[in-house]
Structure formats: structure tokens, C-alpha cells
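One structure is given here, and the rest of the page talks about it.
Being a predicted model, the structure only gives us computed values, none of them experimental.
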There are 2 protein chains.
Amino acid sequence: MAKITIRDVAREAGVSISTVSNALNDVDVLNPATKMHVLAVAERLNYVPNLNGKMLKSGKTMMLGFFTTSVSGPYFYKLIETMSRQCERHGYGLNVFVTKDKQVIMSNILGRRVDGVIIYEELKIDEHDIDVMEKDKIKTVFLDREFSNDTMGSVTFDSYTAGYEAAKYLIGLGHKRIAYISGVDTMFDSVQRREGYLAALREYGLPLDEDYIIQGYFEEDSTFNAIKAFIRVHGHKLPSAFLAGNDLSAMGCIEALKAHGYEVPGDVSVVGFDDVDIARYFSPPLTTVRNPIARQAILTVDHLVRMIQGKETGQSQTLTGELIVRGSSHVPPDHADQG
Amino acid sequence: MAKITIRDVAREAGVSISTVSNALNDVDVLNPATKMHVLAVAERLNYVPNLNGKMLKSGKTMMLGFFTTSVSGPYFYKLIETMSRQCERHGYGLNVFVTKDKQVIMSNILGRRVDGVIIYEELKIDEHDIDVMEKDKIKTVFLDREFSNDTMGSVTFDSYTAGYEAAKYLIGLGHKRIAYISGVDTMFDSVQRREGYLAALREYGLPLDEDYIIQGYFEEDSTFNAIKAFIRVHGHKLPSAFLAGNDLSAMGCIEALKAHGYEVPGDVSVVGFDDVDIARYFSPPLTTVRNPIARQAILTVDHLVRMIQGKETGQSQTLTGELIVRGSSHVPPDHADQG
DNA sequence: TAACCTTACTTTACCGACAACCTGAGACTT
DNA sequence: AAGTCTCAGGTTGTCGGTAAAGTAAGGTTA
């Protein structure tokens, strides 16, 4: 049996197609009896409207698109789940595109597969792409860069201040040699956190050692390996604290330190960023700067929906972190080389 | 400026719309010079075909839909990332729907928003829904149940054998009191693993203690809490081994044991399932049954694409696990209560 | 009772792309 | 010279909905 269309329902119910359309869409111009009858026939035939026809006519897909290069890690699933829920509240669906292919991205955006766009992370959307999207009035929210114009906004996390505050906290505890575990340099958050960290070191006159900036790629396992390598080289004179670019890195770092027999926080303190769900259950529980992911997700979807509805122009919103002190940080041990 | 359509390109290039269509879709009936000219005009106007029009006419969206209630945890992101990549290879996109609303799910499936469907987990897709989908010839692959008919297949993990083998391994080490940390009972994998575990206990004549089946919900934090509660009750006579329904549960369990001063594997052994990326970096590194997630993702997408292309009817494929012995399991300590 | 509303639909145009079929010009056949 | 091909592209119908405009029957008003 081929797919049932609105025409089949109309024929079966003995009415015109627009009557069926009106009945299904609750347009209040029909005789209640007719409406009932049509709905009953539609139900009996298991009729479900074809969304492609609907979309073409209305110009709306009722879908928001989330474009990202990766979904790895707790940050993403929290973000995606919360955004999905929030979309559903507004009657939208969320289409998650995990890809690095700019062709794919642009043809889905400009081809109107979605009514609004959420963009995260190092997607290499450049000035020209933004120009084109702006001309087409594509409603967009960026999560990884501050931006705003008539049809585009952003909801970002103030990573610079977060990095600064975390570093300042460690300095306040008495740490003088603090390493930073970085993500990749194309990641806005990673760079900002590092800048904040460097600013704090400068402010307190602590040495900026190039070697103390470690590439961890924001992942647990790659950080684990990076720290093991780092310990092999710097084992004789380890920093008394590591500031990790995110919680996953912090955990990987702690695992590596433990594997080499160091105690956290007894010998070394480790601080992360994000406060992902697991952070509090880790051993030791992580000291971290809380990134209000759920809030970011909700603000993003709300802002985008309001732009689509024409109720709002693009805004640049910034969320601030909150230092959560748990068990992975402590004053440095007496024997620590504080030079 | 309103959106550029194929008509605008046709007018600007001084040709008909079908000539534009033919030029863009590489239909080889045009004078090369005309084709070049049309493509140049399209490029200049930044023309991108509207996918809704395309989809309506062709009846194809070039999208596969992944329907799930959750994306939490390493299992999902590995699955999603691998499926996305594999879709891209076939020229498809992957639309991830995170929802529990069956209305939403069915209207997206039956409304033809996607060309093929991948379903995971306790979605409560019942016989009736399957009937309707079958009548509509919706190409579908299930990841959480074995199923096959003309248009529907499945790619599942043999969780029963995995559970059986893991339990047998612990029994072989000498463990006599083994607890199982379960997910929820609506989850096929969780139930199957538990059945395998119970079968092994029965086979070796070990006692089946109802109390030793713990609800951990397949999450790290809820397992952590569940095990803490369990220890409070059974602390005087703890099992010598825990078989956790997945790696996240195993980690939560280990964290809880450590928090109460137990050593793993010195005092208690813990075994998980999946072998997620982090498992090997955990301390202690997890003994686990490897679930070939990437393989499942690839087989799923390939199978679905072949069904869509009409090259294949629904098959029920099963993947088997592989026991990976690492540091979280050991022979039971002498003092363990082996009664 | 003619003009005018309502009510309750039906007819038809349209969204943007694609594709089946049509056409007009020149080349080739017989 | 009439008929037939081929080439290169144009015309038009179509996918499945929605919505603006049209209409027929009955009721209301002046």
C-alpha cells in the first residue's frame, strides 16, 4: 500500500482536501460534525501528514539544527539533551549534525532544512559564510564565539574570567608553579581559559614557563598520555598544581598522576572546568569552575526561537562560572619546589 | 533579499528552469557552454537549492533518523559519531532525535522526515507501531531488540552471552558471592546481561540472592549512590565481586567502594561491560566485556542504506563481546566470606 | 423581493524542484 | 522534397500540503 495522502482522506471522507486540511489543523470554520467525520476517517486510514509537503508550502520545518564537529564528553550530552527538551517545549525538533564538512553544513543551512541554526566549535565558519547566512537571514546562535547582528546572536561562557579566577584561587592557596592543560588552539574556550590563567600568573608575578602549557585535547585519554609524557620529562621538578582546560582533562591528569604514585591533592592539586555530573563522584572529587551548561542550552534555544518568531534581534549573552571547591585541590606540600 | 530560487537563476541566465536543474544535477544533455554559463550564474547568485522542494519532488530526504531517549555516556557518543561519519560516506545525513514523546517520533517517521530509521532503547515502540511502520514500508534498524522482516532489521549485541561469560570468568577466579548491578528493566541489554549472569550462577550451583541484584540505572552517579546504600546494609558481608551492567556503573561502583575504604581489586573485584574509551585509563583499569560499538554503528548504517536502496531485506545481526581482563578483577582475598 | 450576509464548504494557485514530454532547427536519409 | 533523427533546450504537470479566493444554499434586512 502506497503512502496515504490528504487526497485519499478527502476522497474517503467525501469532502475536499482543504476541508481535511482545516479539520486536521483545527481551523475553526467547519461544521463540528464534518470535522469529527474527517478526523475519524483520517484516524482509520492511519493518515499522517507528509512533512515535506507541509514544509515546502509553509517554509517552516519546525526543526532547529545543531552543528558540531564532535559530541564526545559530558559537556555535549548535557547540552544536547537539554536543548532537545527545550526545543520540544517550543514545538521544535533538534537536528544534530556531527560533521566537519563545510559543504554539508552550508547546504543544510542555506537549503532550509532547519528554521534556525546553533553552531558550536571550530567549525571554521568564516566571514564569508557569515555574510551569506546574514543575507539569507538565517537565524543563528553561536556557542563558541561572541557575535551579534540583526539575525545572529551568541550564548557564551566567560572562559577568560573562569581561567583567571581558577588560577587566582590556586595562587591564593600558595601554589607558585602551576601548569595549564590546554585543548586545541582552535577552541575558543580553551584559548580564553588559558589567557585568563596567564593573566593571573602575570598579575602575581609568577614565571610563565612555555613548557607548562600542555596539550591535552580536552579528552581524558589523550590528557592521560600527555601527562605521563610530561612527568617523564619534568618528574624531578613537577608543578604543585595543574589547571586543566576541562573536567575530562582534569580526570585524565589525576589518573596519570596516580599511576605514577603521586597523591592528589597531597602532592599535587588539580582543578578542572565545567563541573560535569561525574566531577563530584570522582576520587578525589574535583575542584572545578562550574559551567552552567543546562542554562546555556536553554538560553540558546529560547533566544533562537524568539529570533525565528521575529520577537528579538541577535543578542550576545555571556554566562559566568562559579568556582566549586572539592577535594582535588589543597595548599601545596611543604617540600614542593616553590621556586 | 529574499531567497534565491531556481527561477531566479533561470531568469538571470536566460534559460529555462529545467536547464538550470539539469546543469546543477549534472544531467548530461546540455551544451557544455550552456552548462558552464548556468553554473557560473548560480555561483554568482550564491544559489543553494531548497531541500524542501527537492525532498517533496524526489520523495527522498537523504537523512537517516536516530531515535533515542538519551545520549548520555560514552556508548552513545561513540555510536553517534561513528554513525554520522558512516552516513556521510553514503551521502546521507544523520538526524538525532532525543525524545520520549511517541507522537513526535511517529510523526517524524511516518511523515517522512527521514528516509530510514534507527531505533534505540526502551522507546516503547509496540507491535501496533511496528505494524504501521511496516505497512508504510519504513526502512528500520533496531539496536535494542532482535527483529527482522522485509523492511526491518536489527544489529544487536549478544548481551546474554556477554553476561554469562563475565560471570563465568569471575567464578573461575574463585568468587562465590557475586552481585549484579542492573540498569532499568526496560533495557534489553541490561536484562540480557543479567539473565546470562544468572545462568552462570545456576550452572555452577551458586546461590541466587535477590538482594544481590542492585539497581544502578546504567549511570555513574546513581550507581555510586546505590552502592553506598548497599554497603550500608551489607557491609558486614560484602560480595567479593560486582558485575556491573556497563562500564559507567562499574566506575561508579568502584568509586563508592573506594570511598568506603575497600580496595579494588584487593578486597573486591569489579567487572563492567562495553569497554568505553575511558575504561583503560581508570584506576584501576577496568576488566570489561568489549562491546564493538563502532562496528555496530557501521553495520547499522550500512544495512539501513542497503535496505533503502532495495538491495537487501531486513536482517537480524548479532555482535559478540570479548572479555578484556585488566586491573579491576582478581582472585578473591582469603578472608572473603565464600559462603 | 432584491440585495446582502453567513455558513460551510470547494476550487484553485502556489511553495521549489524535478522529469516526462514537447518543440524547433538543422542534418541526414531515401 | 518529404520524412525522420538528433540535439538542445523549453513547457508543463507533479510531489503533498496550505490558504486565498470562489460559490451555493439558506437566512436576514430594508
To the nearest Å, how far apart are [X] [atom1] and [N] [atom2]?
| X | N | atom1 | atom2 | value |
| --- | --- | --- | --- | --- |
| B:Arg11 | D:dG10 | CZ | C1' | 16 Å |
| A:Leu30 | C:dT6 | CG | P | 19 Å |
| A:Lys60 | D:dA19 | NZ | C1' | 15 Å |
| A:Asn31 | D:dG26 | CG | P | 15 Å |

Going by distance alone, is a donor N or O of one side chain under 3.5 Å from an acceptor N or O of the other, for [X] and [Y]?
| X | Y | result |
| --- | --- | --- |
| A:Arg306 | A:Gln309 | no |
| A:Ser16 | A:Ser18 | yes |
| B:Thr151 | B:Glu134 | no |

Can B:Lys102 and B:Asp126 be counted as an ion pair, charged N to O under 4.0 angstrom?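 Yes.
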
Taking 4.0 angstrom as the limit, do A:Asp26 and A:Lys35 come out as a salt bridge?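 Yes, charged N to carboxylate O under 4.0 Å.
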
Using a 4.0 Å cut-off on protein heavy atoms (strictly under), produce a 5'-to-3' string for nucleotides 11-18 of chain D with B for base contact, S for backbone-only sugar-phosphate contact, and - for none. BBBBBBBB

Report which part of the nucleic acid A:Val27 touches: base, sugar-phosphate, or nothing (heavy-atom distance under 4.0 Å, all strands).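 Contact class for A:Val27: none.
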
Do other residues, nucleotides or ligands put more than 12 heavy atoms under 6.0 Å from A:Tyr217 OH?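 No, because the 6.0 Å sphere around OH of A:Tyr217 holds 12 heavy atoms or fewer from other groups.
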
